Amino acid sequence: MSIPLSLDFTRLEPDVTLEEILSWQDAVSECHEQLHSGTGPGSKYRGWLDPHGMIPEAEVERITQAADELRNASDVLVVVGIGGSYLGARAVIEALGGRDKERVIFAGQNISASYHKDLLDSLDGKRVAVNIVSKSGTTTEPAIAFRLLRNYLKKKRGGTLDPKLIVATTDPQEGALREMSRTEGYRTFVVPGDLGGRYSVLSAVGLLPIAYAGLDVRKMIDSAADCAKACENPDLEHNPAYLYAVIRNILYRKGKAIEILATFEPRLHYLAEWWKQLFGESEGKSGVSIFPASVEFTTDLHSMGQWIQEGRRIIFETFTDIEGGEPELRVPKDPTDADELNYLSGKTLHEVNRMAYRATSLAHREGGVPNLTLRMPRLDETTLGALLYFFEKACAISGYLLGVNPFDQPGVQLYKDYMFALLGKPGYEGLLENIEKSFESEDSNS
Ligand code: PA5
């Protein structure tokens, strides 16, 4: 099965050799078996493994129909969600949305007053639809943004909401949002029970906003399914996702505790954010884990590039290289050549950008930063569908190789509990008392 992705790991040596990679076959086979037979930790959340199974054609049809109706009835769609409930959609829309990406706005991923004030102001005079996405239905940030938006829309419409312009994507049965949708009559889509937020981009969570942005979601799903086939071979040498997972684990055990995802394309900014969430939330447990960071080159070559080239040697890099499909914008010839740039005239910006990638990967390798490259023929729905699945599969196996449960996020809870206590949420009175005591002892020590 050919997929629009390949992994180039020629710049890993001498840190990692092919022989060493292949010596992980037994460990990988065990993790593969755990994942596919459902005997590994977190096995309840493996719905994403089979893209077509997760989202049957009838559901895709319902999503694309809803997206078309919303597109006709509105000028903008505000997608309200946080973490896995918005990053996947944003990653795809920013990468591929072209001009239509302006029609999709994101809210509820922070609690900034200015962000939300500006956002509400920007809606004036527009026909607005809202897609609230929350599996639990109770996450504070999107709940606040959704309340602000409902309030705003009601005021604009003389005190009532038009439920046809609100879509809730949430748990099939439970949660405040499910209940509200019943009482207020919103159209709903389901976050399947066997799916965690960060693995949900190819369900209604990501697909409705992506379809609203005019992108072909079927192509993405089909390509993810092809990638699933290509990445279900337990034979490490023939499975790019497993190769990537193993390489990360080898480098980690050699003291490379930070992985930097390096893109040369600003429209991949949110793909890197999604990737950081996927790996950070999945692997950051039990005191063992690779810290996922990202840089945007060539911009960051003039800032973080120095650190990467000569800072502490605890990093490795994963580059993304897009071979083609970019606009044919060329450096023009200048008869005076006053800026001494005529040596580049006639070259496309994309050629120059790719040369920057090649130069950077070589320089960083020489500086002691082993690096690998994910190569893609072009950026489109087919590539992104495969890429998203590739990372999900690699993350699951890499988590198992690290010995953690890649499908839970127990560490996200503590800040939430403290915040609820400090904000006076009913039921958190005992915790508030403890927090106040610890504040008092901090004050007396200072
Ligand atoms: O990946 C995850 O599980 C999280 O990032 C969640 O997506 C995030 O916390 C939002 O949760 P919810 O969809 O319940 O509002």
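Atoms within a ligand are numbered from 1 in the order they appear, just like the ligands themselves. Quick caveat: nothing in here was measured; it's all calculated off a predicted structure. Quick note: numbers below take in every heavy atom, side chains included, and nothing from hydrogens, waters or symmetry partners.
- Cation-pi geometry between Arg62 and Phe189 is satisfied (NZ or CZ under 6.0 Å from the ring centre, within 45° of the ring normal).
- At least one cation-pi condition fails for Arg248 and Tyr252: the charged atom is not both under 6.0 angstrom from the six-membered ring centre and inside a 45 degree cone around its axis.
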Give the table of side-chain donor-acceptor pairs shorter than 3.5 Å for residues 383-392, with sequence neighbours excluded, one pair per line with atom names and distance.
unit_1	atom_1	unit_2	atom_2	d
Thr383	OG1	Arg378	O	2.7
Thr383	OG1	Asp380	OD1	3.1
Tyr389	OH	Leu49	O	2.7

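- Protein neighbours of ligand 1 below 4.0 Å, counting non-hydrogen atoms: Ile82, Gly83, Gly84, Ser85, Ser134, Lys135, Ser136, Thr139, Gly197, Arg198, Gln277, Glu281, Gln409.
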Anything under 3.5 Å between a donor and an acceptor, one on a side chain of residues 73-83, the other on a protein residue two or more places apart or in another chain? List them.
unit_1	atom_1	unit_2	atom_2	d
Ser74	OG	Leu70	O	2.6
Ser74	OG	Tyr212	OH	2.7
Asp75	OD1	Arg127	NE	3.4
Asp75	OD1	Arg127	NH2	3.1
Asp75	OD2	Arg127	N	2.7

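- The residues Asp417 and Lys425 are annotated as not salt-bridged, no charged nitrogen and carboxylate oxygen being separated by less than 4.0 angstrom.
- Ile258 pairs by the side chain to side chain contact (heavy atoms under 4.5 Å, CB included) definition with Ile260, Phe291, Ala293, Ile314, Ile315, not counting sequence neighbours.
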